[in-house]
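Numbers here simply count residues along the sequence, with the first being 1. Just so you know, these numbers use all the heavy atoms, side chains as well, and skip hydrogens, waters and symmetry mates.
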Amino acid sequence: MGDEEQRRYPRAVPPKSVKVAWQSGTRRAVSYLESIGLGGLFVVTRQPVPLRSMVKVLMDLEFGEVRARAVVRRISPTRGMGIEFIAMTQEDRARLNKALQPMFATH
């Protein structure tokens, strides 16, 4: 678990109701999240896409939709993939930040 020091942003465990719609190439899926932060997500999927794949994400959070472009940074073959956000509008980042506050407060 030495990678905690590399994280720029803290991670929260989202409520089970939070899902992410994601697309990489022609592959589309809707998945649950294991963790979420301002820097990225861990997407639960039995079929992660390859490392360094580009992924578009869409989350319907409490304060509205959040869209982002991301890249796969970590893969756990049977659990899912860790993706890092690389592009997001200021409005989307603000909605994500607002949605994260109560998640961090519960830990």
Got a list of side-chain donor-acceptor pairs under 3.5 Å for residues 42-61, not counting sequence neighbours?
from: T45; atom 1: OG1; to: Q47; atom 2: N; distance (Å): 3.2
from: S53; atom 1: OG; to: P50; atom 2: O; distance (Å): 2.6

* Check whether V30 and L33 end up in the same hydrophobic cluster, where Ile, Leu, Val, Met, Phe, Trp and Tyr are linked by side-chain heavy atoms less than 4.5 Å apart. => no
* Look at the side-chain heavy atoms of Ile, Leu, Val, Met, Phe, Trp and Tyr, link any pair under 4.5 Å apart, and say whether F63 and M103 land in one connected group. => no
* Side-chain heavy-atom pair E65, R67 within 4.5 angstrom cut-off -> yes
* **Exercise: identify the closest heavy-atom pair between A99 and P102** => O-CD, 3.4 Å
* **R11 versus G37, closest heavy-atom pair with distance** => CD-N, 4.0 Å
* To do: Determine which pairs satisfy side-chain hydrogen bond (donor to acceptor under 3.5 Å, both in side chains) with at least one residue from residues 19-33, sequence neighbours left out, and list them in order.
  => W22-S31
* To do: May I have the step-by-step check of side chain to side chain contact (heavy atoms under 4.5 Å, CB included) for L41 and F85, ending in yes or no?
  => CA-CA 8 Å; L41 314 166; F85 296 136; 3.7 Å; yes
Would you be so kind as to tabulate the donor-acceptor pairs closer than 3.5 Å made by side chains of residues 76-84, with sequence neighbours excluded?
from: R79; atom 1: NE; to: E34; atom 2: OE1; distance (Å): 3.4
from: R79; atom 1: NH2; to: E34; atom 2: OE1; distance (Å): 3.2
from: R79; atom 1: NH2; to: E34; atom 2: OE2; distance (Å): 2.6
from: E84; atom 1: OE1; to: R73; atom 2: NE; distance (Å): 2.6
from: E84; atom 1: OE1; to: R73; atom 2: NH2; distance (Å): 3.3

* Asked: Given the rule that I, L, V, M, F, W and Y join up when any side-chain heavy atoms are under 4.5 Å apart, are I75 and I86 in one cluster?
  -> no
* To do: Please tell me if the side chains of M88 and V66 come closer than 4.5 Å, counting only heavy atoms from C-beta onward.
  => yes
* L38 reachable from V72 in the ILVMFWY side-chain graph, under 4.5 Å edges -> yes
